[in-house]
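Report on the following structure.
The sequence lines fix the lettering, A, B, ..., with proteins before strands; numbering per chain opens at 1.
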There are 2 protein chains.
Amino acid sequence: MGYNTYFVDALNRLHEERRYRVFAHLERLAGRFPRAIHHTPDGPRDVIVWCSNDYLGMGQHPKVVGAMVETATRMGTGAGGTRNIAGNNHPLVLLEQELADLHGKEAGLVFTSGYVSNDAGISTIAKLLPNCLILSDALNHNSMITGVRNAGTDKVVWRHNDVEHLEDLLKKAGKERAKLIVFEGLYSMDGDVSPIGKICDLAEKYNAMTYIDEVHAVGMYGARGGGQAEQQGEMGRIDVIEATLAKAFGCLGGYIAGSHALVDAVRSYAPGFIFTTALPPAVCAAATAAIRHLKDSTWERERHQERAAKVKAVLSAAGLPVMPTDTHIVPVMVCDADKCKQATDILLEEHGIYIQPINYPTVPKGTERLRITPSPYHEDALVHALAEALVDVWERLELPRKPFNAIAAE
Amino acid sequence: MGYNTYFVDALNRLHEERRYRVFAHLERLAGRFPRAIHHTPDGPRDVIVWCSNDYLGMGQHPKVVGAMVETATRMGTGAGGTRNIAGNNHPLVLLEQELADLHGKEAGLVFTSGYVSNDAGISTIAKLLPNCLILSDALNHNSMITGVRNAGTDKVVWRHNDVEHLEDLLKKAGKERAKLIVFEGLYSMDGDVSPIGKICDLAEKYNAMTYIDEVHAVGMYGARGGGQAEQQGEMGRIDVIEATLAKAFGCLGGYIAGSHALVDAVRSYAPGFIFTTALPPAVCAAATAAIRHLKDSTWERERHQERAAKVKAVLSAAGLPVMPTDTHIVPVMVCDADKCKQATDILLEEHGIYIQPINYPTVPKGTERLRITPSPYHEDALVHALAEALVDVWERLELPRKPFNAIAAE
């Protein structure tokens with residue numbers, strides 16, 4: 001038909017730019033995280049996963065798995081309809097109440113993914129405000145950028161975490177104009193956090209709304225797992241909190257939490273919410289079990305931080321360029337797209353260690369990296385094996401064994 | 001903060017237009033479909049669900065529930081990452097192979113919802129074709145319209161199922177220009193099907209690509225459940241088949257199937273796919289179990305059609321205005337927004353029957369209706385109870401007891 005060549009050409013462009021992605025074919029084993037099976041053309045092989053976003057291993061927690069199993073057995077697999085038409089299931093209603101409570105907000109609203117919650121949430125909120133100006137942090141996630149674009153309103157981008165720049169832009173917009181500040185609590189690639197209190201100060205000073213993405217922070221930060229906003233003591237000052245059920249809570253889906261009227265308006269106006277089948281009851285029940293457990297249990301959060309600190313210390317001591325972070329994200333800099341891919345290929349094939357290479361466009365060119373995410377279940381032996389494997393790779397690829405600061409200064 | 005009034009106002013507009021939606025709070029019971037518990041302020045009540053899109057009741061099938069339970073127990077609840085970063089799980093890989101086989105295509109690609117699959121699928125395909133013109137059926141679903149809009153290319157709308165109009169537009173565009181025809185196999189509100197063969201004839205004559213949404217047809221039509229395209233013997237002529245795992249397959253998620261290059265290009269270029277956590281292994285395994293079962297078993301499809309015919313016959317005999325359809329959708333016309341809502345309130349509160357009212361904007365004003373979806377598990381006693389309840393409602397609301405044709409002629 002002739003059309004196929006356009007798709008072949010599009011793929012060839014990715015190959016030429018070394019951006020074509022091959023997905024690792026994995027089979028996780030509940031009770032044995034971070035161990036998994038890697039399915040290869042030569043058959044299955046054991047592998048240690050060092051890049052999962054199931055940050056706390058809640059996807060294998062007996063309470064969480066048990067909730068899914070019990071609910072599927074009792075209520076079946078799917079929701080059977082959109083929220084409006086037969087799909088509004090009991091565990092989903094309970095989950096939204098749990099999320100509102102987690103963030104100290106009046107209401108919660110669940111979507112099928114964090115991507116959809118940002119797209120639908122930001123675009124719907126901004127559209128409902130007259131002549132809204134969106135102020136967006138420069139490093140916001142693709143899903144937030146999509147939401148900003150789909151809002152169709154004016155937008156300005158403030159330099160990452162630069163509150164002076166944000167203030168300039170707010171001042172320029174004026175107090176009278178409707179303004180929505182969108183930013184993240186914790187940025188996943190550099191592992192840095194945002195100055196939430198200062199942003200809220202500015203929002204109050206210039207009468208702007210605040211919308212925070214806590215996708216990489218909920219469950220892991222704050223006394224009850226409310227995220228960076230709770231950790232920094234600012235949760236009550238944020239208007240809209242968006243996050244995910246698919247990372248620290250180990251399941252699937254995204255959500256927003258906010259005032260009754262705001263959540264009800266998004267519920268009523270967002271096509272990406274209205275015309276989508278509701279999340280299955282078993283997934284909702286599992287997510288609720290994870291959230292409830294992490295509201296009370298601090299073991300996972302403490303062990304998670306302790307493991308992240310351990311990995312940073314061991315890798316730094318081995319002379320590897322670990323980017324310093326205050327969080328659970330451990331970026332090890334390669335700063336070369338080809339070598340980054342080669343490094344992960346060697347790790348996977350020869351050391352049974354799975355870490356996905358992070359290249360452009362996920363990070364800027366020249367800052368290619370291994371993004372390592374230690375969980376509470378990566379015990380010492382695994383950490384030392386990781387360090388040894390990385391040292392082997394660094395030597396074979398002739399990568400510089402020097403601290404991050406020395407590399408950053410180049 | 002002042003902003004809340006905008007959301008309150010937005011909700012008031014819906015109340016004024018009688019478009020504010022209240023979700024029925026349901027708890028389905030596996031093994032007892034279509035029976036469910038309706039949670040009300042006065043406590044739980046038994047209810048018969050007559051509007052589920054779990055059309056074949058596969059959400060309670062022992063094979064499907066069993067696959068979810070077994071997989072969750074063995075592999076945990078969530079996928080733990082995007083497809084590219086640690087989330088590409090074994091049951092998901094198998095599911096995509098199963099979908100490619102179902103539709104006789106080279107490859108399949110799974111999304112978190114049918115909404116996202118249409119948005120990402122249509123927009124990404126059209127963007128990859130130079131100067132593409134999208135030709136969209138006038139009654140296409142909201143998710144397809146979103147995909148068309150997000151493509152950012154030229155588009156024209158052809159009158160619903162009007163192949164002469166489609167030919168005019170194709171002729172006008174010319175053979176040389178890239179063209180994508182997007183339409184549905186079965187339209188869910190009127191229950192009518194599209195003339196797939198004629199559309200494919202035109203696509204071949206004018207060198208256009210074809211993209212069909214089979215969301216309301218897969219599992220239910222065709223010898224192996226391949227949808228209306230299989231039923232009409234045209235599956236091999238369609239370039240892209242999009243459908244859902246959340247209706248007849250009883251789970252969650254959406255997908256496309258097509259050539260290797262096309263599917264790989266969408267996989268590589270669609271942000272809504274790339275930046276989203278993969279579907280949980282347990283959901284994928286359950287969907288695969290449903291698809292496999294329905295490839296072989298014809299009992300569900302035959303019983304489904306027999307039940308739909310039975311409901312149409314019984315309601316028509318009772319003098320109720322049933323819109324004639326060739327499919328499993330049974331629209332009963334009310335043609336008044338207020339009375340449509342009142343009818344479903346009486347059915348729910350006094351008869352224990354749950355049917356969601358279908359009002360504008362889902363259907364045009366003046367064509368408000370009850371959309372009834374009989375499943376293989378709605379036995380005779382339930383059908384007769386439904387007819388009696390509807391007659392009671394029709395009398396109390398003084399709705400005309402006359403056949404659809406008499407109403408349509410008015």
Side-chain angles (χ1 to χ4, degrees), chain A residues 3-4 6-8 10-11 14 21 23-28 30 49 51-54 59-60 64-65 68-69 72-78 80-81 83-86 88-90 93 112-113 115 128-129 142-143 209 246 250-252 259 261-262 264-265 268 271-272 275-277 280 286 356, chain B residues 3-4 6-8 10-11 14 21 23-28 30 39 49 51-54 59-60 64-65 68-69 72-73 75-78 80-81 83-86 88-90 93 112-113 115 128-129 142-143 209 246 250-252 259 261-262 264-265 268 271-272 275-277 280 286 356:
Chain A
Y3 282 99
N4 223 41
Y6 294 114
F7 304 112
V8 172
L11 294 166
L14 293 179
R21 287 166 164 176
F23 297 158
H25 182 168
L26 299 169
E27 184 170 344
R28 304 209 293 169
V49 179
C51 63
S52 174
N53 279 348
D54 183 357
Q60 71 172 349
V64 181
V65 174
M68 178 176 265
V69 166
T73 305
R74 191 163 48 82
M75 300 181 61
T77 52
R83 287 296 288 273
N84 188 47
I85 306 180
N88 186 42
N89 60 84
H90 190 49
V93 173
T112 41
S113 73
Y115 196 96
L128 290 176
L129 301 175
N142 181 284
S143 58
M209 277 187 72
C251 295
L252 181 82
S259 75
L262 182 141
D264 202 5
S268 301
F275 296 101
T276 292
T277 298
Q356 191 68 25
Chain B
Y3 283 99
N4 223 40
Y6 294 114
F7 304 113
V8 172
L11 294 166
L14 294 179
R21 287 166 163 176
F23 297 158
H25 182 169
L26 298 168
E27 184 170 346
R28 304 209 294 170
H39 290 270
V49 179
C51 63
S52 174
N53 279 349
D54 184 357
Q60 70 172 350
V64 181
V65 173
M68 177 175 265
V69 166
T73 305
M75 300 183 59
T77 52
R83 288 295 289 271
N84 189 48
I85 305 180
N88 187 42
N89 61 84
H90 189 51
V93 173
T112 41
S113 72
Y115 196 96
L128 290 175
L129 301 175
N142 181 282
S143 57
M209 275 188 72
C251 294
L252 181 83
S259 75
L262 182 142
D264 202 5
S268 301
F275 295 101
T276 291
T277 298
Q356 191 68 24

If one checks every heavy atom of Val49(A) against chain B at 4.5 Å, the contacting part turns out to be side chain

Most contact-rich option vs chain B, by heavy-atom pairs under 4.5 angstrom, among Leu11(A), Ile85(A), Thr112(A), Leu252(A), is Leu11(A)

In short, Thr276(A) meets Ser113(B) closest at the heavy-atom pair CG2-CB, 3.9 Å

| said: Within the structure provided, determine whether Asn84(A) and Gln356(B) are in side-chain contact (heavy-atom separation under 4.5 Å). | reply: yes

Whatever's closer than 4.5 Å to a heavy atom in chain B on Val93(A) counts as side chain

Whatever's closer than 4.5 Å to a heavy atom in chain B on Met75(A) counts as both

All heavy atoms of Ala246(A) vs all of Thr277(B), minimum pair found to be CB-OG1, 3.5 Å

Of all heavy-atom pairs linking Ser52(B) and Ala86(A), the shortest is CA-CB, 3.9 Å

Note: vs chain B, highest number of non-hydrogen pairs under 4.5 angstrom among Ser143(A), Ala286(A), Pro271(A) is Pro271(A)

Ranking Asp54(A), Asn88(A), Leu14(A), Val64(A) by heavy-atom pairs under 4.5 Å to chain B gives rank one to Asn88(A)

Turns out that what part of Asn142(A) lies under 4.5 Å from chain B's heavy atoms comes down to side chain

Pair count under 4.5 Å, heavy atoms only, with chain B: among Gly76(A), Ala261(A), Cys51(A), highest is Ala261(A)

Leu128(B) and Tyr6(A) have their tightest heavy-atom pair at O-CB, 3.8 Å

Checklist entry - Mind checking whether Asp264(A) and Phe7(B) have side chains closer than 4.5 Å, heavy atoms only? => result no

Review point. Do the side chains of Asn89(A) and Leu26(B) get nearer than 4.5 Å, heavy atoms only?
Key: no

